[in-house]
*Asks:* 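Once you've had a glance at the structure underneath, I'll fire off some questions.
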Number of protein chains: 2
Amino acid sequence: MDSRRSDCEATNIDIVNRVRPNMPETRLLYELSDFFKVMGDSTRIQLLWALEESEMCVGDLAVLLDMTKSAVSHQLKVLRTAKLVRSKKIGKNVYYALDDHHVKSILEKALEHIGE
Amino acid sequence: MDSRRSDCEATNIDIVNRVRPNMPETRLLYELSDFFKVMGDSTRIQLLWALEESEMCVGDLAVLLDMTKSAVSHQLKVLRTAKLVRSKKIGKNVYYALDDHHVKSILEKALEHIGE
DNA sequence: TTGACAATTGAATAGTTGTTCAATTATAAT
DNA sequence: ATTATAATTGAACAACTATTCAATTGTCAA
C-alpha cells in the first residue's frame, strides 16, 4: 500500500529527515492554529482590546463596537470557549473580563510584526 | 439620520466613553486580524515551523507535510503575501525561508497560552 | 403577574477559505 | 528540439464562519 499524498520525491531528503522529528505533534498543531483562528477576526480583536481596558457588559460592548448585542454575544462565546475571557452575571447584566495574561503580549508581538 | 447599528443603549456610558479613544484604528485593526488569519491554519503553521529549522524547496516541504506541491505552493503564496517568508529560485527549485524574526516569538507566546 | 430589559440561542444566509484538478510556465538535460 | 522535472496558477467544489433575524430565557421593577 502507498498512502503518500505528496506527488513528488524530496530533492533534499537529508534535510527533510533532519527536520521531520522536530515537527509539532498533531494535537499541538491544531491547538496552535485554533488559537490563531480565534484571534483572526476583527470583531474579536476589538473585544479583547476593549476588555484589556476595562470589564464591560454585553450592551456596553455592543455600543462601543457599534454592533448588535446578538453579534457581540456570539463572538464572546467563541472567546469564552477559547478561555480568553470570563463572564459574571450581575443583575440583568453579564460582565466580561479578560481571562488570559498572554493576550496582551501576543497582541504586542503582532504589532511589532506589523510595524506599529 | 441615525446610522447606529447597536440595538441598545450603554449601561455604563462612562466606561464606554473612557475606552473608546483607546480603541485601535480601523486600518490597524484589520492588519492585526489579517495577520492572525494567516497564522490560523495548520498547514501554514507547519510550513513556518519547518522553515524555522531550515530553508527548503517546495517539493521537500510537500514530502515533509505529506501534501501535494500545488497545495503547498498555494499556502506559501499566502505566507509570501504576508511577508512571512521569502523565496529564491535555484535551478528548477524554489527555496523558501523565513522572512520575519517575530514569527518564532509569537509562536512561543501562543505555546505559553496553550500551556506547552 | 405583568411588562420591560439584558443576554443567549438556533437557524438561515452570504461570504470566505483550503484543497484538488488540470493546464501552464520555466529550467535543465539529452 | 524534445523530454522531464519543479513550481505556479486559476477554476471549481466543499467546508467553514460571521452576522442577521426571530424566538427564548432570566432578572428586575411596578
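Sequence lines set the chain letters: A, B, ... in the order given, protein chains first and strands last, and positions in each chain run from 1.
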*Asks:* How close do A/C8 and B/V63 get, counting heavy atoms only, and between which atoms?
*Replies:*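 Taking every non-hydrogen atom into account, O-CG2, 3.6 Å.
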
*Asks:* Without decimals, in angstroms, what is the distance between B/F36 CZ and D/dT17 P?
*Replies:*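 Taking atom P of D/dT17 as the reference, CZ of B/F36 is at 18 Å.
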
*Asks:* Does D/dT8 have OP1 or OP2 under 4.0 Å away from a side-chain N or O of B/Y96?
*Replies:*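 Yes, within the criterion.
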
*Asks:* Which nucleotide sits closest to the side chain of B/K77: D/dG10, D/dA7, D/dG26?
*Replies:*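 Of the candidates, D/dG10 comes closest.
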
*Asks:* Could you check whether any side-chain N or O of A/T81 sits under 3.5 Å from a backbone N or O of A/K77, counting only pairs where one atom can act as donor and the other as acceptor?
*Replies:*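 Yes, because the side chain of A/T81 sits within donor-acceptor range (under 3.5 Å) of the backbone of A/K77.
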
*Asks:* Rounded off to whole Å, could you give me the CG-to-P distance for the A/D7 and D/dA6 pair?
*Replies:*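 Answer to the nearest Å: 10 Å.
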
*Asks:* Compare the minimum distances between each of D/dT8, C/dA6, C/dA26 and the side chain of B/K89, then state the nucleotide with the smallest one.
*Replies:*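 So the nucleotide nearest the side chain must be C/dA26.
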
*Asks:* To the nearest angstrom, how far is B/R4 atom CZ from D/dT20 atom P?
*Replies:*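 Atom CZ in B/R4 sits about 14 Å away from atom P in D/dT20.
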
*Asks:* Identify the two heavy atoms, one from A/I15 and one from B/S54, that lie closest to each other, and give their separation to 0.1 Å.
*Replies:*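 Closest approach of A/I15 to B/S54, heavy atoms only: CG2-OG, 3.5 Å.
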
*Asks:* If you measure from the ring centre of B/H74 to the centre of the six-membered ring in the base of C/dT17, is it under 5.5 Å, with the planes under 30° apart?
*Replies:*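 Not stacked: fails the 5.5 Å / 30° test.
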
*Asks:* How close do A/A10 and A/V16 get, counting heavy atoms only, and between which atoms?
*Replies:*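 Looking at all heavy atoms of both residues, the closest pair is CB-CG2, 4.0 Å.
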
*Asks:* Does any donor atom in the side chain of A/N12 or B/Y95 lie under 3.5 Å from an acceptor atom in the other side chain?
*Replies:*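 A donor-acceptor contact under 3.5 Å links the two side chains.
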
*Asks:* Donor-acceptor pair, distance only, cut-off 3.5 Å: does the side chain of B/N93 make one with the backbone of B/V58?
*Replies:*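 No, because the side chain of B/N93 does not come within donor-acceptor range (under 3.5 Å) of the backbone of B/V58.
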
*Asks:* Identify whether any heavy atom of A/C8 sits under 4.0 Å from a base atom; if not, whether one sits that close to sugar-phosphate; answer base, sugar-phosphate or nothing.
*Replies:*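 Result for A/C8 = nothing.
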
*Asks:* From CZ of A/R80 over to C1' of C/dA7, roughly how many Å is that when rounded to an integer?
*Replies:*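 Those two atoms, CZ and C1', are 10 Å apart.
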
*Asks:* Name the closest nucleotide to the B/T68 side chain, picking from C/dT20, D/dT8, C/dT8.
*Replies:*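 That would be C/dT20.
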
*Asks:* Rounded to whole Å, please give me the gap between NZ in B/K88 and C1' in D/dA6.
*Replies:*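 Computing the B/K88:NZ to D/dA6:C1' distance gives 17 Å.
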
*Asks:* Nearest nucleotide by nearest heavy atom, which residue falls closer to the 5' end of DNA chain D, A/G40 or B/G59?
*Replies:*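 Result: B/G59.
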
*Asks:* Given D/dA6, D/dT8, C/dT8, which nucleotide is nearest the side-chain atoms of B/N93?
*Replies:*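 Nearest to the side chain of B/N93 among the choices is D/dA6.
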
*Asks:* When you measure from the side-chain N and O atoms of B/R5 to the phosphate of D/dT19, is any distance below 4.0 Å, counting only OP1 and OP2?
*Replies:*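 It does not, given that no N or O in the side chain of B/R5 lies less than 4.0 Å from OP1 or OP2 of D/dT19.
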
*Asks:* Measuring from the side chain of A/K92 (C-beta onward, heavy atoms only), which nucleotide among C/dG18, D/dT27, C/dT19 has the closest atom?
*Replies:*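 Among C/dG18, D/dT27, C/dT19, the one nearest the side chain of A/K92 is D/dT27.
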
*Asks:* Nearest whole angstrom, please: distance from the C1' of D/dA18 to the CG of A/L76.
*Replies:*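 Atom-to-atom, A/L76 to D/dA18, this comes out as 14 Å.
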
*Asks:* At 4.0 Å (heavy atoms only), tell me whether A/Y95 reaches a base, stays on the sugar-phosphate, or touches nothing.
*Replies:*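 Touches nothing.
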
*Asks:* Respond yes when some side-chain nitrogen or oxygen of B/S70 is under 4.0 Å from OP1 or OP2 of D/dT8, and no when none is.
*Replies:*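 So the side-chain polar atoms of B/S70 never come under 4.0 Å of the phosphate oxygens OP1 or OP2 of D/dT8.
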
*Asks:* Rounded off to whole Å, could you give me the CG-to-P distance for the A/L61 and C/dA7 pair?
*Replies:*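 One finds 9 Å between P of C/dA7 and CG of A/L61, rounded.
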
*Asks:* Between D/dC21 atom C1' and A/M67 atom CE, what is the distance in whole Å?
*Replies:*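 Atom CE in A/M67 sits about 14 Å away from atom C1' in D/dC21.
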
*Asks:* Of B/I90 and A/D60, whose nearest nucleotide on DNA chain C comes first from the 5' end?
*Replies:*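 The 5'-side residue here is A/D60.
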
